[in-house]
Amino acid sequence: MPHVRSSPGMGGAILGVVVVLACVLGAGADGSDHRYRDGDYVPLYANKVGPFHNPSETYRYYDLPFCAPDHPKDKREALGEVLNGDRLVDAPYELNFKEDRNSKVLCQKTLSKAEVAKLRDAVAKDYYFQMYYDDLPLWGFLGKLDKDKEQGDAKYLLFKHIHFDILYNDDRVIEINVQTDPNVAVDITEDKEVQVEFSYSVTWKKTYIPFEKRMEKYSKSSSMPQHLEIHWFSIINSCVTVLLLTGFLATILMRVLKNDFIKYSHEDESLEDQEETGWKYIHGDVFRFPQQKSLFAAIVGSGTQLLALAIFIFLLAIVGVFYPYNRGALFTALVVIYALTSGIAGYTATSFYLQLEGTNWVRNLILTGCLFCGPLFLTFCFLNTVAIAYSATAALPFGTIIVIILIWALVTSPLLVLGGIAGKNSNTEFQAPCRTTKYPREIPQLPWYRSTIPQMAMAGFLPFSAIYIELYYIFASIWGHKIYTIYSILFIVFIILIIVTAFVTVALTYFQLAVEDHEWWWRSVLCGGSTGIFIFFYCIYYYHARSDMSGFMQTSFFFGYMTCVCYGFFLMLGTVGFRASLLFVRHIYRSIKCE
C-alpha cells in the first residue's frame, strides 16, 4: 500500500483551501454592505413559486399572472444559485428603507379564464412564493382552499393584499415577515374572467438585534431544546453502539493474539505435528489479489475522493459557511471541492492498481474518472430533460451546463491524470506478511448465512442504526422546508458512522477468515458499502410515509438524486470497510509465522 508522508506544508495548504472557499462562499450574495439611508431603495427580488410539498418542482415567479414591472431584470446569479434552482428577478413592490405604506395599489388586472384556471390549480396544490429582501428570505402562500364541511363545497381564494413587517437597527435591515389576510381575497372558484386589484402595505419597526445575528432566526428551529434532546439521544445511542463494537473487536483481537502467542512461544514444540485450523490455515491465499482488479482499484480511488470531499464539506460547515439561505453555497462547494479532489482519486486508484500487478493503468484511470461521474451525469441528463419538459427552474440553462463541462475538462480531468501519473511513479509494492501460494485453496461448503447478501445485511444494519435518527432531519431539510444547522452534531454522527462501519466490516472479515473463506477483498467492500443500500430503503420509506411529495417530476428528482447519493455512500463506506479490513488482516497475519 502507498505510504504518503505528510509534508510540513500539506496541513497549511489544506487549511488555506478551506479558508479561501469559506471567504468565497460566505461573501454577501450581492456584494453590498447592507447599509441604507432613509428612503433608499432596498433590493427586493422575486425568486420562485411552486407546490409546498414538492421542493424540486419550482417555477419562475412570473410564470403565474402576477403584477410585473415594466422591464423586469434577472439578477446575475452564481453557479450554486443556478444549481439550487434560484431564478431571481426584480419584484414589483417598493419597500424603500424606513418608508411606511398603509395600502398601495400594485396593479389592476383582468384575469382571463385560462389565468384563473392556472391560479386555481396553484391554490389547490398549496403553491408558495419565495422572495429575497436585502438577502433575507421571505415566503407566503398564494391563496387558500376554503372547504365547507357541511355542504362539501370548496372555495378557491386568491390573496390580493400582502403586508410586509420589516425590522431595522440603525441603517440596516434585520428581519422581514409577510402576512396575507384571507378576508382580503378574491374568489376564483368559477371559470370566468375576474377583476383583481393587487395591493400591499409596509410597516417598519425598530429592533435592537445586531446585524451579525439577523440570520440566527432561521437556525433557531433546528436548535430548539426538544430537537437538541433528540439529537443528543441519537449520539448517545450511537456511542453505546461504538463502545460495544470496540469491546467486541478488542476481545477478538486479544483472544487471537493470546492464542498465537501461546502457540508460537513454545519453540520446542513441533509445528508440523499440529494441524492448522481457522484463519491461519489459509495464510497462503488470504493475500491473493481479487478478480476485477481495475474495478476494485477504481472503487477504492473514488471512495477515497468522496471521503475527502465529505471531510472538506464538514470543515466548511463547522467554520460557518453554510448558514441558512446562503444561496447555493453548498452546491458551489460540492462542485469546486469535487473537482479539486479528483487528484486524490487518480493517485489512490492508479497506485493501488499497480500494487495489484495491474498492467493497463490508463484504462483504470478512465474507469476511476467515470465510476461516480458517469452515473451522476446520466441521471442529471434525464432529470434535466424532465425539468425542461415541466418548464421548471430546476432545468439548468445552457450556459451553466457549459461551465460545469469546462470545470470537468479543465480542472477535474487534468488533476485526475496528474494524480494517476503520481500514483504510477510512486513505485510502491503491496505489503503482504505472507507469501501467496501458486494455486488457490478450495473454499469449504458454508451455510447460507455466510454468503454475501446475508453478510451485507448484517454489516449495513448497525451503521444505519447509528445514523437513522439524524437522517430524518437531513431529509426534512433537503426535501422539505425545515432548516438544519447543527453541523457539529452531524459531524460527530459522521465520525461514528465511519468507526462503526470499520469495526463491523473487520468483525465480519474475521468470521469469514475463521471459516477458511479467503475471498475477503470484495466482501469487505460490499459489507462496508451496504449502509448505502439501507439508506436507499430509508428513502423509499421517507417518500411514502414521512413526506407528501407527489408527481412525476418530484418523484424523479427525489429517487434520481438520492440513488446517486446512496451510490456515493456505497463507494465511500465500501472503501472505509476495505481499508479497515486490510489493516486488520495484515496485523493478524504478522503475528504468525508464515512459511
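Only a predicted model underlies this, so the values are computations on that prediction, with no experimental measurement involved.
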Test side-chain contact (heavy atoms from CB on, under 4.5 Å), reference Phe312, set Thr341, Leu340, Leu334, Leu307, output is Thr341

Within 45° cone and under 6.0 Å: Arg546 NZ/CZ vs Tyr472 ring: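 So Arg546 does make the cation-pi contact.
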
Ignoring hydrogens and geometry beyond distance, is a side-chain donor-acceptor pair present between [X] and [Y] at under 3.5 Å?
X	Y	result
Glu470	Tyr484	yes
Ser201	His161	yes
Thr412	Ser342	no
His34	Asp134	yes
Thr110	Gln195	yes
Glu197	Gln108	yes
Tyr543	Thr555	yes

Among Arg214, Lys217, Lys205, Lys206, which residue satisfies the salt bridge (Lys or Arg N to Asp or Glu O under 4.0 Å) criterion with Glu175?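 Going through the options one by one, the only one that passes is Lys217.
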
When Lys113, Lys118, Arg120 are each screened for salt bridge (Lys or Arg N to Asp or Glu O under 4.0 Å) with Asp191, the one that passes is Arg120

Where the side chain of [X] meets the backbone of [Y], is there a donor-acceptor pair that is under 3.5 Å apart?
X	Y	value
Asn47	Met131	no
Glu115	Ser112	yes
Ser413	Ala409	no
Asp40	Arg37	yes
Gln305	Tyr338	yes

So, for Tyr93 and Tyr200, is the gap between ring centers shorter than 6.0 Å? yes

State plainly whether the residues Arg87 and Asp74 are in salt-bridge range, i.e. N to O under 4.0 Å. no

Is the closest basic N to carboxylate O distance between Arg101 and Glu94 below 4.0 Å?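 Glu94 and Arg101: salt-bridged.
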
Heavy atoms from other residues, nucleotides or ligands near NZ of Lys98 exceed 12 (cutoff 6.0 Å):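 Yes, NZ of Lys98 has more than 12 neighbouring heavy atoms, counting only those of other groups under 6.0 Å.
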
Over all heavy atoms of both residues, which pair between Lys109 and Cys107 is shortest? Give the atoms and the distance, please. CG-SG, 3.8 Å

Compare every heavy atom of Gln554 with every heavy atom of Ser550, then report the nearest pair and how far apart it is. O-CB, 3.4 Å

Only counting residues at least two apart or in another chain, list the ones meeting disulfide (SG to SG under 2.5 Å) with Cys566.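 Here no residue qualifies.
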
